[in-house]
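Everything below concerns the one structure shown next.
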Amino acid sequence: MEKDMEQLRQKVLTCQNCPLWETRQNVVFGAGNPNAEVLFIGEGPGEQEDKQGEPFVGRSGILLDKMLAAIDLSRDKNVYIANMVKCRPPKNRDPKPEEVAACIDYLRCQTRLISPKIIVCLGRVAAQYLISPTFKVTQQHGQFHQKNGIYMGATFHPSALLRNPANKPAAMEDFFTLRELIREVCQHTY
Ligand code: URA
């Protein structure tokens, strides 16, 4: 296991563990404060993320940053943002199980290095892999349960909110629930 995030990043930047490396422009390793108590996990890079090498920098990222700001969170300050897979799946398709399998140790290593108090899955792909294979975001969003000492929960993926803005108020409620949980279990986020 790598001893710090920079060492891990250097390793991931040259990864060829699955075929996604052949079509990527950039590896999207993750961004934020490596000492954050709150870790957000998305699905995988989209077009803009692949171009820029940063997670959530396209339209969905702008929305995510706004929702974070509404509860005094920011990737520059007090959260870390990562993805299930670090390279863009062509045409933004879901990552294949074998691609997730090839990449998941990087996320595990990031999680160990960060040692978050709370993990928020953004959307179905992360929630079904990390919380439960039958997880239904529309029914179970905003519920946080402890798993191996970490509070785990999920909310709507920002891209899903752009497609279906009717769910934005429910998603915002999830962020307010998260704010309460942070106040309860985190020491230095606020
Ligand atoms: N969607 C994701 O799941 N992750 C990103 O980094 C960007 C869009």
Side-chain angles (χ1 to χ4, degrees), residues 5 8-9 12-13 15 17-18 20-21 23-34 36 38-69 73-111 114 116 118-131 133 135-138 140-142 152-165 167-168 170-172 174-175 178:
M5 210 56 113
L8 180 63
R9 180 196 293 273
V12 179
L13 289 184
C15 180
N17 284 356
C18 85
L20 292 181
W21 77 271
T23 47
R24 76 180 174 223
Q25 291 188 47
N26 283 291
V27 170
V28 178
F29 176 73
N33 182 345
V38 187
L39 170 61
F40 286 81
I41 302 177
E43 184 178 316
E47 187 182 9
Q48 283 307 315
E49 291 76 21
D50 179 51
K51 270 200 186 126
Q52 299 183 42
E54 288 282 318
F56 286 99
V57 286
R59 279 180 72 222
S60 63
I62 291 168
L63 177 58
L64 176 61
D65 283 340
K66 276 190 195 158
M67 296 174 82
L68 292 173
L73 298 178
S74 149
R75 66 175 85 195
D76 299 327
K77 206 170 64 191
N78 51 8
V79 301
Y80 197 90
I81 303 172
N83 279 308
M84 297 299 295
V85 295
K86 311 301 191 213
C87 298
R88 183 189 184 200
K91 297 185 187 150
N92 297 347
R93 63 161 169 73
D94 283 0
K96 295 178 183 171
E98 59 269 31
E99 292 160 355
V100 174
C103 210
I104 196 72
D105 276 351
Y106 297 141
L107 182 62
R108 285 207 186 98
C109 196
Q110 283 174 307
T111 306
I114 296 166
I118 303 172
I119 292 178
V120 184
C121 298
L122 295 168
R124 171 184 50 83
V125 170
Q128 290 194 342
Y129 198 93
L130 300 174
I131 302 175
F135 197 93
K136 295 259 187 304
V137 175
T138 47
Q140 294 168 272
H141 65 93
M152 309 268 312
T155 188
F156 300 88
H157 193 287
S159 307
L161 294 175
L162 291 172
R163 284 194 302 273
N164 189 2
N167 284 327
K168 278 188 186 176
M172 219 44 251
D174 296 344
F175 275 69
L178 171 63

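FYI, the numbering just counts along the sequence from 1. Whatever order the structure lists them in is the order used to number ligands and atoms, beginning at 1. Just so it is clear, the values below take in all heavy atoms, side chains as well, and ignore hydrogens, waters and symmetry mates.
Contact check on D65 versus R75 returns a salt bridge, with a Lys/Arg side-chain nitrogen under 4.0 Å from an Asp/Glu carboxylate oxygen.
Evaluation of the side chain to side chain contact (heavy atoms under 4.5 Å, CB included) rule for N17 yields C15, A102, Y106 as partners, not counting sequence neighbours. Qualifying side chain to side chain donor-acceptor pair (under 3.5 Å) partners for Q52, counting only residues two or more places apart in sequence or in other chains: Q48.
Using a 30° and 60° split on the angle between ring planes, H157 and F56 fall in the tilted class, from 30° to 60°.
In this structure, ligand 1 sits under 4.0 Å from heavy atoms belonging to G42, E43, G44, E49, P55, F56, S60, N83, H157.
Pairs passing the salt bridge (charged side-chain N to carboxylate O under 4.0 Å, His left out) check and including a residue from residues 78-94, sequence neighbours excluded, read R93-E99, D94-R124.
Between L122 and I41 the shortest side-chain heavy-atom distance does not fall below 4.5 Å.
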